[in-house]
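So you know, we letter chains A, B, ... as the sequences are listed, proteins then strands, and number each from 1.
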Amino acid sequence: MPKYLDELNEPQKEAVLHKDGPIMIIAGAGSGKTKVLTTRITHLMSAHNIDAFNILALTFTNKAAAEMKERIERILGNSEARNLYVGTFHSVFARILRAEAGKIGYPNNFTIYDTDDAKSVVKTVVNEMSLDDKQYKPNTVYNRISAAKNALIGSAEYANDGILQQEDARANRPMLAQIYEAYARRCFKNGAMDFDDLLYKFYLLLKNHPEALSKYQRKFKYILIDEYQDTNPAQYEIIKLLGAMHENVCVVGDDAQSIYSFRGATIENILQFQKDYDDVKVVKLEQNYRSTQNILKVANEIISNNKGQIEKTLFTTNEEGEKIKLIRTMTDNDEGKMVADTIKENKLRNHFFNKDFAILYRTNAQSRSFEEALRRLGIAYRIYGGMSFYQRKEVKDFIAYLRLIVNTKDEEALKRIINYPARGIGKTSIDKAVLYANENNLTLWEVISNAALYGFRSGTLESIDGFVTSIKMFQSELNKKNAYDLAVIVGKSTGIVKELFNDKTTEGLARYENVQELLNSIKEFTETPLNEEDGEVGDKGLGAYLQQIVLLTDADNEDKENQDVVKLMTIHAAKGLEFPVIFVGGLEETLFPNAMSINTREELEEERRLFYVAITRAKQKLFLSFSNARYRFGQLQQNEPSRFIDEMPEQYLDRSYAGVAAKNNASTGWAAGSAYERMHRGFGRSAEPPVHSTTHTENKKSILSSIAARPQVKEHTPSENFVASDTSKLQQGQKVEHQKFGYGLVSKIDGSAHNPVATIVFDNNGEKKIMLNYAKLRIVE
DNA sequence: GATTATATGGTTTTT
DNA sequence: CCATATAATC
């Protein structure tokens, strides 16, 4: 009996030892499902001599895939694991599609469009069809198309489906089917696939090309799928096709953690699995090794409010643990402070490290208040999600050059850079070129590379020719130079790097650094040795690099794995992770559950599962916070506490929790909160007496203002020698006198050069934004 | 045609 | 509040 089996409990062992035939593992939160998956693969390889080349494991994130490979490698003690096909659905399918692209009429170097690219194509198509983009919002249209693809509905079928047509007609978007068709055609013409195409086209490849199907059926003798509850119909059908020959399909999932229905995922796949395969072995992992009893009991209570669960009860032999602590504050800023203070306190008192904490929230926008509070206390943190590195403008612009070099049909890339850096090819010229291209059924590149034929003005023509020549020059280097060297040439000869370098503003500096970072990543890619089997299409080229990076997420980018930082992320992003201490923020009606998701029972239940996922991330301590009011759309909005709070039995809750912050009355009320604000604006040391609580700002209305009158201006009598100073060189930190508001400290200067706006914190009248062109200010010091 | 000021409108979650 | 789209101005 191999040693690695000793570490497993009975059901886990059962799951690992089951060799052939379909198996479904229902794995509760923290029940060791990754361990089972890795051990199972290890066991297949070492005990049954299954070749790594014949095993396919699909995960939800690249990070999970890398982790899995690493663990297997560690148990096996050799490098065989690198021959496994492990990756996300999207990355594995992209890799195969790259090899088989010719069969479906695509170039091997097809571009993968991210969501932004795809929406931009939608917009282009809608405009070209002379439709109103208010009526056909790119977002809506794209989502609709995406949903169709995830359900394996092509544009023709979409157009012929009576129900879908009715739906669209009722929603005032009768032309959606036509847009879908035009969109698909345009993507094809651009040699591009969007994220959904990676599934949909792969499905079509398998379905319409029997020789390809049988090739991969023979190859993948064993298939394992992680996070099965989050697969969509397209993924389901693909697995069904791939696994049809051997039926050695192992799926692992937890219906209670299904949180991606907006992406087309359906729990139906779990139920359907047992119908589609004969003699499915079902194993349930119900022992939780992660959390305290209290946390688990609350989690079980919460999820029991959902109907139609797969029967299972999580239990643990861990200690009882502390009660779940509720933090209630007045505003979102206070919430941030309380959480940050609590982290600080716990670090001191319980010797936690920064990396032991995670702050989770429903929406990305919530990160701001936590971020500010952590920064004030000097606690290192990192935000995951939001805009990924590769979505930043400067990075995307640079990548657009590389994309165009690899695939000149990529119209999105071409339009992005044809006039970046500015070279005098404006909107009018581009529109003209696009028109010619559409009229003559040419690609945009074909038009501009023969620009002389299309009657551009001579100056414009010269610019276009210059651009085309330089791209062609880059292309000629494509096979001589590696990706990194080529990228350096691009950066240099286009002047992009220089331009960013010369921009000495803070943002400019950051942009420059980002481009440097991009070059680093290309260099790293170039220098990383080839995987043994990756030779399929010469996978070291620029094309392979580009296809890989669009599929990377922020979490994958984590180079310094064990940084001692507090992690901030959405609950979705936290799936599969665990932390000693978890904070879940914004437990308020309209936010969590989100107002968008309370219209049907299904939606609400998914929100509840999301909450379940959030609290089951915690190992030892769990804090839940909510705020009476928070800024949304720049305005203060009052919210009720979340219904999920009421669903937790009182006996497990500690409502009286008060950390350091509350004790010194800094965060429990409006007045105290503003004192805190003032302290951290540098007023703490000033000689000013503690002033009445009026840190109201012009646009940030006091939560009291709805009850009491708006803050009164405390009259100020200008000093006798009041003469308005020249404020053109006014700087942060200077003290000024305002005729009406009195003395104050300049905390910030922004606005444009012609219309500078100073943010001034007045001693008696709080923070005001003052337009320097109009205000009369006397500079005191 | 480029740069800059103003309007608008949008927030759920992500490969 | 934020980012992007449009208008205005040089």
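Within the 4.0 Å cut-off from OP1 or OP2 of C/dA5, at least one side-chain nitrogen or oxygen of A/K123 is found. The side chain of A/T428 contributes an N or O atom lying less than 4.0 Å from OP1 or OP2 of B/dG1. For A/T570, a side-chain nitrogen or oxygen approaches OP1 or OP2 of B/dT14 to under 4.0 Å. An OP1 or OP2 oxygen of B/dG10 is reached within less than 4.0 angstrom by no side-chain nitrogen or oxygen of A/N139. Taking 4.0 angstrom as the limit, A/T115 places none of its side-chain polar atoms (N or O) nearer than this to OP1 or OP2 of B/dT14.
Listed by chain and number, the residues in a ring pair (Phe, Tyr, Trp, His ring centres under 6.0 Å) with A/Y454 are A/Y436 (sequence neighbours excluded). Taking the ring pair (Phe, Tyr, Trp, His ring centres under 6.0 Å) definition, one finds that A/F262 meets it with A/Y260, A/H572, sequence neighbours left out.
Which of B/dT15, B/dG1, B/dG10 sits closest to the side chain of A/F633 comes down to B/dG10. For A/K137, the side-chain atoms get nearest to B/dG10 when compared with the rest of B/dG10, B/dA2, B/dT12. Ranking B/dG1, B/dA2, B/dT13 by closeness to the A/N419 side chain, first place goes to B/dA2. The side chain of A/K393 lies closest to C/dT4, out of B/dT12, C/dT4, B/dT15.
Looking at heavy-atom distances under 4.0 Å, A/T88 makes contact with sugar-phosphate atoms alone, never a base. Among the atoms of the strands shown, none is found under 4.0 Å from any heavy atom of A/F592. Among the protein residues, A/N364 comes within range of the sugar-phosphate backbone only, with heavy atoms under 4.0 Å from sugar or phosphate atoms but none that close to a base.
Stretches of at least 3 consecutive Watson-Crick or G-U wobble pairs, with each checked distance under 3.5 Å, appear in DNA chain B as B:1-10 with C:1-10.
Under the 30°/60° scheme for interplanar angles, the aromatic rings of A/F195 and A/H90 are found to stand perpendicular. The aromatic rings of A/Y236 and A/Y228 sit tilted, their planes meeting at an angle between 30° and 60°.
The side-chain ring of A/F262 is stacked on the base of B/dT13, judged by centre separation under 5.5 angstrom and plane angle under 30 degrees.
Only the P atoms considered, B/dT13 is 16 Å distant from C/dT4, to the nearest whole Å.
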